[in-house]
Asker: 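Let me give you the structure first, and then I'll get to my questions.
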Amino acid sequence: DGGITQSPKYLFRKEGQNVTLSCEQNLNHDAMYWYRQDPGQGLRLIYYSQIVNDFQKGDIAEGYSVSREKKESFPLTVTSAQKNPTAFYLCASSTPTYEQYFGPGTRLTVT
Amino acid sequence: QKEVEQNSGPLSVPEGAIASLNCTYSDRGSQSFFWYRQYSGKSPELIMSIYSNGDKEDGRFTAQLNKASQYVSLLIRDSQPSDSATYLCAVNDSGAGSYQLTFGKGTKLSVIP
């Protein structure tokens with residue numbers, strides 16, 4: 001089955017530690033995205049990539065980093081510079097007609 | 001700043017009724033419009049795409065688009081308790097070469113048995 005996988009589903013970290021969230025897709029989509037969702041809030045774009053080895057900052061990129069070495073993979077690192085990292089993180093990929101499909105998400109808790 | 005506005009709700013409708021969800025957007029150049037359903041604690045799921053003015057029907061769902069008024073809506077006929085969720089409206093960014101979507105904050109729908 002084609003789809004997007006994210007791992008882990010839940011992640012707990014201590015403040016000051018970097019953490020990497022995994023996102024893999026087998027839909028053969030060129031474009032991939034990372035969003036953050038906080039309770040009662042909409043989706044906020046962190047980073048996106050339209051092609052391998054290229055990515056752009058979204059609205060809230062500070063404290064995050066990404067890489068895009070393979071078409072299928074777009075990992076997100078939440079660094080210790082991110083002031084409020086506890087959130088629901090969503091990865092998506094899109095068709096050429098802009099339809100975005102989401103993975104199941106990773107819920108990160110930093111204490 | 002491109003904006004997508006939705007009434008946050010909650011919108012409560014009785015089972016079997018028609019639920020009407022509305023969305024307005026600011027980017028006049030947008031050409032692609034989407035509705036997502038998000039159950040509590042889950043990720044958004046694409047349920048409807050619409051690209052031209054008028055109505056598009058898929059089962060119990062109808063999307064309506066009016067580009068002149070910058071307005072898109074979603075009708076859910078014969079609403080079921082399983083339709084209770086938050087519905088997100090999304091609109092493509094018309095900037096050159098951009099594959100970004102701008103999402104509304106969502107309307108929470110509650111279908112009362």
Side-chain angles (χ1 to χ4, degrees), chain A residues 2-10 21 23 25 27 29-52 54-61 68 74 87-109, chain B residues 1-10 21 23-27 29-52 56 58 61 63 65 72 85-108:
Chain A
I4 303 174
T5 58
Q6 291 185 244
S7 62
K9 187 173 181 180
Y10 297 97
L21 281 58
C23 177
Q25 56 101 356
L27 299 169
H29 291 163
D30 287 316
M32 297 186 73
Y33 310 80
W34 274 105
Y35 294 92
R36 168 182 173 142
Q37 189 174 40
D38 295 282
Q41 299 294 314
L43 298 175
R44 292 188 288 169
L45 183 65
I46 304 172
Y47 268 99
Y48 67 100
S49 169
Q50 295 185 185
I51 198 168
V52 174
D54 187 47
F55 47 83
Q56 286 77 42
K57 294 181 179 180
D59 300 321
I60 56 165
R68 187 87 186 276
F74 191 40
F88 188 37
Y89 290 87
L90 291 159
C91 178
S93 66
S94 75
T95 70
T97 52
Y98 306 103
E99 295 176 331
Q100 288 191 15
Y101 295 91
F102 287 84
T106 292
R107 201 165 293 277
L108 173 65
T109 302
Chain B
Q1 182 75 11
K2 293 166 184 174
E3 295 180 341
V4 174
E5 300 286 344
Q6 296 181 254
N7 188 323
S8 62
L21 305 165
C23 171
T24 59
Y25 60 94
S26 64
D27 185 352
S30 295
Q31 297 294 324
S32 305
F33 307 86
F34 308 95
W35 284 98
Y36 288 82
R37 178 176 62 200
Q38 186 174 23
Y39 292 114
S40 181
K42 303 295 186 182
S43 62
E45 173 192 9
L46 179 65
I47 56 172
M48 288 290 284
S49 307
I50 186 166
Y51 302 95
S52 51
K56 179 182 177 182
D58 184 359
F61 298 101
L65 175 61
V72 59
T86 296
Y87 289 80
L88 306 177
C89 174
V91 175
N92 84 290
D93 180 343
S94 66
S98 172
Y99 277 78
Q100 293 183 62
L101 298 181
T102 298
F103 287 82
K105 291 185 177 181
T107 298
K108 187 172 184 178

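Lettering of chains follows the sequences in order, A, B, ..., and the numbering in each one begins at 1. Keep in mind it's a predicted model, so treat the numbers as computed, not measured.
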Asker: Out of curiosity, B:Y99 OH to A:Y33 OH, how far, rounded to the nearest 0.5 Å?
Answerer: 8.0 Å
Asker: By a 4.5 Å heavy-atom criterion (distance strictly below it), what part of A:R44 contacts chain B: side chain, backbone, both, or neither?
Answerer: neither
Asker: Could you have a look at A:Q100, A:Q41, A:R107 and say which one has the most heavy-atom pairs with chain B under 4.5 angstrom?
Answerer: A:Q100
Asker: With respect to chain A, which residue among B:P44, B:G104, B:G41 yields the maximal number of heavy-atom pairs within a distance under 4.5 Å?
Answerer: B:P44
Asker: Of all the heavy-atom pairs spanning A:P104 and B:S43, show the shortest one and how long it is.
Answerer: CA-OG, 3.7 Å
Asker: Only counting residues at least two apart or in another chain, list the ones meeting side chain to side chain contact (heavy atoms under 4.5 Å, CB included) with A:T97.
Answerer: A:T95, A:E99, B:Y51
Asker: Do the rings of B:F103 and A:Y35 sit parallel, tilted or perpendicular, given the 30° and 60° boundaries?
Answerer: perpendicular
Asker: Can you say whether B:L46 sits under 4.5 Å from chain A via the side chain, the backbone, both, or neither, judging by heavy atoms?
Answerer: side chain
Asker: Under 4.5 Å, counting heavy-atom pairs only, tell me which of B:K108, B:Q100, B:K42 racks up the most with chain A.
Answerer: B:Q100
Asker: If you round to the nearest 0.5 Å, how far is OH of A:Y101 from OH of B:Y36?
Answerer: 7.5 Å
Asker: Contact part of B:Q6 toward chain A, heavy-atom cut-off under 4.5 Å: side chain, backbone, both or neither?
Answerer: neither
Asker: Using a cut-off of 6.0 Å, state whether more than 12 heavy atoms not belonging to B:K56 lie near its atom NZ.
Answerer: yes
Asker: Which answer fits A:Q56, side chain, backbone, both or neither, if we ask what part of it has an atom under 4.5 Å from a heavy atom of chain B?
Answerer: neither
Asker: Tell me, please, which residues at least two apart from B:K2 pass side chain to side chain contact (heavy atoms under 4.5 Å, CB included).
Answerer: B:S26, B:D27, B:D93, B:S94, B:T102
Asker: Can you say whether A:Y48 sits under 4.5 Å from chain B via the side chain, the backbone, both, or neither, judging by heavy atoms?
Answerer: side chain
